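See structure below.
Chain naming here is simple, since letters A, B, ... match the order of the sequence lines and numbering starts at 1 in each. The figures here come from the full heavy-atom set of this structure, side chains too, leaving out hydrogens, waters and symmetry mates. What you see is a predicted model; the values in this text were computed from it and never measured.
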2 protein chains.
Amino acid sequence: MSAVSTPEPTRRDQLLAIAAQLFAEKGFKNTTVRDIADAAGILSGSLYHHFDSKESMVDEILSTFQAELFGDYDEILASDEDARTKLERAVRVSFEAIDQHPHEVAIYQNEADHLGTFERFGYLADRNTQSRQVWVTLIEEGVRTGVLRPDLDVTLTYRFIRDTVWVAVRWYRPAQSRGGGHTHTEVADQYVRILLDGISS
Amino acid sequence: MSAVSTPEPTRRDQLLAIAAQLFAEKGFKNTTVRDIADAAGILSGSLYHHFDSKESMVDEILSTFQAELFGDYDEILASDEDARTKLERAVRVSFEAIDQHPHEVAIYQNEADHLGTFERFGYLADRNTQSRQVWVTLIEEGVRTGVLRPDLDVTLTYRFIRDTVWVAVRWYRPAQSRGGGHTHTEVADQYVRILLDGISS
DNA sequence: GTCTATATGTTGATAGAC
DNA sequence: GTCTATCAACATATAGAC
């Protein structure tokens, strides 16, 4: 989709995309600079012409992605729709992010806890707090306006939603490589339905 | 609870428990044999008196835990309760496993995909298939007997349940270290309610 | 922008003394 | 059952030629 508007990604961006895929598939620690260089068709030393360190690569991958994602969340929070619609939109935007940035989401899911313990990645903890505030705000607004059950444990509900949505990155495969699977929109439809109405008949 | 019935764990079991905690906290690759030896108060070379390799340690940790867990699942499948009760029990048994074996569950969640690519850990893929069969069987029985909605996408429903239940290991903290949190039974109660009836009012 | 060559540290694992 | 001592492999990163 957006490939048309960015016809010539810089060499730097190409390398970041290659690194993101490897970090997502094998893990950050498990991916060597040689792996990245090999996949790019250059030698490991050449990577250091573009980046300070392996760490700075994952840093740029994560911070760029998160800036975009939280821009979407902010827009939803600021809208004047009803709470149920906003919660639905937050779910849909998240599944869409998994569809369009699967590597970035996977890296965040797998490495954020560990990386967050280093000063350099302190912003990951901040974004985590911000994310919780987004979901909790939406759920509380839903309870207050009467569209959600009043007996909900808001924190637990937030955790269940966050977990189910984001861990989908482990099994969802984007359109290009999909064979008989669901689109991200279909997955979101099914989940929103189950979340709101349950599976009981 | 069970500490009374196993007063003297073998040195081998002590070392496995230490390794399991480190593997869960830092990841398998990220944990060095020196980390494990340090935590045990011995030197890295001494570990090789007890185990062939770091790999054999995680192997024993995972296979032991899975044998126990699937024993529980088999018992549920074989029972003559109605589908809804069996599904509830499967959820509860899973949250209980997170409570009692948090390190083992975390290791499986974080490392199974990667380890599963090696011959030695082929049983992880088998167990994964077995797990899917357990959940899908229970959901299909629920649909067939009319206790669950007939329009459910069984595979997606399975994935949502599996993900929400098991990823809880990332935030749930067992009783010893809990401060104002929920017991595993309370977490299971809340999730079963949301899963069956939804969050909508 | 990439390569050659290499520094420097860390890793899993081994052999044999105690 | 642990320690001493050590190896070979592999890791990230650097300096300077092309």
* To do: Check each residue of residues 11-20 of chain A for a non-hydrogen atom within less than 4.0 Å of any atom in DNA chain C, then write out the ones that pass by number, or none.
  => A:R11
* Starting from P on D:dC3, measure out to CG on B:L47 and report it in whole angstrom. => 10 Å
* Starting from C1' on C:dG12, measure out to NZ on A:K29 and report it in whole angstrom. => 14 Å
* Does the distance from a Lys or Arg side-chain N to an Asp or Glu carboxylate O, for B:R144 and B:E140, drop under 4.0 Å? -> no
* Structure fact -> For DNA chain D, the expected dot-bracket line (Watson-Crick or G-U under 3.5 Å, [ ] crossing, | inter-strand) is ||||||||||.|||||||
* May I ask you to test the A:R127-A:L124 pair for a side-chain heavy-atom distance under 4.5 Å? => no
* Structure fact -> B:H50 NE2 to C:dT14 P, in whole Å, measures 15 Å
* Asked: Counting side-chain heavy atoms from C-beta on, which of D:dT14, C:dG12, C:dT2 comes nearest to B:Y48?
  -> C:dG12
* Could you state the CG-P distance from B:D35 to C:dA13, rounded to the nearest angstrom? -> 14 Å
* **Non-neighbouring partners of A:F70 that pass ring pair (Phe, Tyr, Trp, His ring centres under 6.0 Å), sequence neighbours left out** => A:Y73
Give each protein N/O atom lying under 3.5 Å from an N/O atom of nucleotides 16-18 of chain C, with the pair distance.
none

* **Interatomic distance, A:K54 NZ vs D:dT14 P [rounded to whole Å]** => 15 Å
* Partners of B:F65 by ring pair (Phe, Tyr, Trp, His ring centres under 6.0 Å), sequence neighbours excluded? -> B:H101
* To do: Could you name each residue pair satisfying salt bridge (charged side-chain N to carboxylate O under 4.0 Å, His left out) that touches residues 32-49 of chain A, not counting sequence neighbours?
  => A:K26-A:D35
* Asked: Could you state the NZ-C1' distance from A:K26 to D:dA11, rounded to the nearest angstrom?
  -> 13 Å
* Asked: Residues two or more places apart in sequence or in another chain: which of them pass side-chain contact (heavy atoms from CB on, under 4.5 Å) with B:H114?
  -> A:N30, B:F118
* Asked: Whole-Å distance between D:dG1 P and B:F51 CZ?
  -> 11 Å
* Asked: OP1, OP2 of D:dG1 versus side-chain N and O of B:H49: anything below 4.0 Å?
  -> yes
* Asked: Can you tell if the side chain of A:D153 reaches within under 4.5 Å of the side chain of A:R159, non-hydrogen atoms only?
  -> no
* Touch class at under 4.0 angstrom, heavy-atom based, for B:S56 against every strand present -> nothing
* With side chain to side chain contact (heavy atoms under 4.5 Å, CB included) as the test, would you mind laying out the steps for A:I107 and A:F28 before giving the verdict? => CA-CA 8 Å; A:I107 296 167; A:F28 175 66; 5.9 Å; no
* Asked: Sequence neighbours excluded, which residues qualify as salt bridge (Lys or Arg N to Asp or Glu O under 4.0 Å) partners of B:E25?
  -> none
* Distance in angstrom units between B:L22 CG and C:dG12 P, rounded -> 12 Å
* To do: Could you please name the option among C:dT11, C:dC3, D:dA13 that lies closest to any side-chain atom of A:S53?
  => D:dA13
* To do: Could you tell me whether the side chain of B:L87 reaches within less than 4.5 Å of the side chain of A:I199, counting heavy atoms only?
  => yes
* Structure fact -> side-chain contact (heavy atoms from CB on, under 4.5 Å) filter on A:D197, not counting sequence neighbours, yields A:R193, B:S200
* Heavy-atom side-chain proximity of B:L62 to B:E111 below 4.5 angstrom -> no
* By salt bridge (Lys or Arg N to Asp or Glu O under 4.0 Å), which residues pair with A:R12, not counting sequence neighbours? -> A:E60
* Structure fact -> For B:R162, the salt bridge (Lys or Arg N to Asp or Glu O under 4.0 Å) test, sequence neighbours excluded, returns none
* **Nearest-neighbour nucleotide for the A:T32 side chain, C:dT2, D:dA11, C:dG12 considered** => D:dA11
Give me the distances for all protein-to-nucleotides 4-9 of chain C N/O pairs that come in under 3.5 Å?
none

